[in-house]
Protein chains: 2
Amino acid sequence: MEQDIQFEPTVGREDLLIAGKDDAFREMVHNLLAFSARLEQIRSRFGAFVGLSGVQYTLLISIRQLQSERGVGVRALADHLAFSPPFVTSETTKLVKLGLVTKTPNPDDQRRVHMRVSDKGTALLSQLAPVQQEVNDLLFEPVNAANYALVRQLAASLRASAEKAVLLSDYLVGTERSDQ
Amino acid sequence: MEQDIQFEPTVGREDLLIAGKDDAFREMVHNLLAFSARLEQIRSRFGAFVGLSGVQYTLLISIRQLQSERGVGVRALADHLAFSPPFVTSETTKLVKLGLVTKTPNPDDQRRVHMRVSDKGTALLSQLAPVQQEVNDLLFEPVNAANYALVRQLAASLRASAEKAVLLSDYLVGTERSDQ
DNA sequence: GAACATAATTAAGTTAGTGAAGTATTTTGT
DNA sequence: ACAAAATACTTCACTAACTTAATTATGTTC
């Protein structure tokens, strides 16, 4: 009987196939997809709590995360979140107008800008902290002392491999698509 | 010295704090965020490869995933992906017009609709399979035979806990926000 | 069988997000 | 030294993504 194979497998590596089928893999991807949709919903709620859109909230915490001593640039932030630079400019400008973020020119390169979360922005985020605690405690309930290190390591390496996968998919779509 | 604490921790559970700080947790969240942004980029590429938008591609594979013998309804699909039902209606109607999806009325309840991926849709997806294989192999490179079961289990339980966390955040934003 | 609830759609609008072009600055090659 | 090319950000003009509100049709309840 050959009819077992319903679809072409969407993954090739033997490690990720079970009895030659990708059902388990697909279910995993589908769960990750749903998880990621929920993360976005939650970010919208967090934003709403402090009067921001979900994206603005995401930008704010990403600036906080990426800002070094000096600050983070528009391009770096856009790349991180997979937004276009103009979009980052326009949304962060709103955050500046709200007084939550500062933009200062990079003294070494006047083209660049350094964005940082202002004191007011930090205050706003700390006002949100109790809500985040409650929600995050529940959201990451499956993560515990026993698997925390592993999950963190996994998150970091998946992020890295995903960056490579984007480049590969860009290449594949760019080339193979052209001869259609 | 008390100055060690820069920000209010964004998570409460002891398991997820290291020396009372949430730095590692925040980095993990930030990595998951970046990962999820890359997933979306990749879905756009997959879509582009077969002439669909990223969302349309996502809808197509989600229909395939959720369709039982009968098919999946608009509401169920909307909930799964956190879209509004009208949006699902309009985008899936496009897929129907492209012949990739079928919509048939539920015989038991004439209000409902059963969506299924058509043969043409299945063919389109299997045409994409080789690209998916290459990209997915790289994307999930950190997942291997040793940790596959665990990662799958984690994906499933995180999805479930995220669903609860959305409800909680809805509640918290709804209530605590009102007295501002 | 009237009142209510639910599923999907249509219509109308907003917001999110992009590409193209522009400005200012820095880098490169000669 | 300085024109040419490259880079960082912005402004502008627009498209696509997505939502809320109202509509239609069917099903449920008492």
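Note that the structure is a prediction, hence the values are computed from the model and not measured. Just so it is clear: chains get the letters A, B, ... in the order the sequence lines come, proteins before strands, and each one is counted from 1. No hydrogens, no waters, no symmetry mates; every other heavy atom, side chains included, goes into these values.
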Within the sub-3.5 Å range, which N or O atoms of nucleotides 8-12 of chain D have a protein N or O partner, and how far apart are they?
residue, atom, partner, partner atom, Å
D/dA8, OP1, A/R112, NH2, 3.3
D/dC9, OP1, A/V74, N, 3.3
D/dC9, OP1, A/V113, N, 3.2
D/dC9, OP2, A/R75, N, 3.0
D/dT10, OP1, A/K103, NZ, 3.2
D/dT10, OP2, A/T89, OG1, 2.7
D/dT10, OP2, A/K103, NZ, 3.3

For residues 156-165 of chain B, which side-chain donor-acceptor pairs fall under 3.5 Å, sequence neighbours excluded?
residue, atom, partner, partner atom, Å
B/S157, OG, B/Q153, O, 3.0
B/S157, OG, B/L154, O, 3.3
B/R159, NH1, A/H30, NE2, 3.3
B/R159, NH1, A/N31, OD1, 2.9
B/S161, OG, A/L139, O, 2.7
B/S161, OG, B/S157, O, 3.2
B/S161, OG, B/L158, O, 3.1

Review point. Would a hydrophobic clustering, with Ile, Leu, Val, Met, Phe, Trp and Tyr connected at side-chain separations under 4.5 Å, put A/M28 with A/L150?
Key: no

Practice item. List the atom of A/V143, the atom of A/Y148, and the distance in Å for their closest heavy-atom pair. Key: CG1-CD1, 3.7 Å

**Study point:** Basic-acidic side-chain contact under 4.0 Å: A/D109, A/R112
**Key:** yes

Practice item. Establish whether B/L167 and A/L39 are linked, either directly or via other cluster members, by ILVMFWY side-chain heavy-atom contacts under 4.5 Å. Key: no

Exercise for review: Determine the minimum heavy-atom distance between B/L32 and A/A155, stating which atoms define it.
Suggested key: CD2-CB, 4.0 Å

Review point. In degrees, rounded to 10°, what is the bend between the two ends of the helix from C/dG1-D/dC30 to C/dT30-D/dA1, using five pairs at each?
Key: 30°

Check your understanding: Would you find more than 12 non-hydrogen atoms of other residues, nucleotides or ligands less than 6.0 Å from B/D119 atom CG?
Key -> no

Practice item. Give a yes or no on whether A/R13 atom CZ has more than 12 heavy-atom contacts from other residues, nucleotides or ligands under 6.0 Å away. Key: yes

**Study point:** Residues, nucleotides or ligands: over 12 heavy atoms within 6.0 Å of A/N147 CG
**Key:** yes

Side-chain donor-acceptor pairs of residues 53-65 of chain B under 3.5 Å, sequence neighbours excluded:
residue, atom, partner, partner atom, Å
B/S53, OG, B/Q56, N, 3.1
B/Q56, OE1, B/S53, N, 3.1
B/Q56, NE2, B/E91, OE1, 3.1
B/Y57, OH, B/Q132, NE2, 2.7
B/T58, OG1, B/R43, NE, 2.8
B/T58, OG1, B/G54, O, 2.8
B/S62, OG, B/T58, O, 2.7

Study note, to complete from the structure: When rounded to whole Å, the CG to P distance for the pair B/L77 and D/dC18 reads 13 Å

Check your understanding: Is it true that the NZ or CZ of A/R45 lies under 6.0 Å from the centre of A/F49's six-membered ring and within 45 degrees of the ring axis?
Key -> no

Exercise for review: With a 4.0 Å heavy-atom cut-off, tell me which residues in residues 30-47 of chain A come close to DNA chain C, sorted by residue number.
Suggested key: none

**Study point:** Outermost DNA chain C nucleotides near chain A [under 4.0 Å, heavy atoms]
**Key:** C/dA16 to C/dT26

**Study point:** B/D15 to A/A145 - nearest heavy-atom pair and separation
**Key:** OD2-N, 3.1 Å

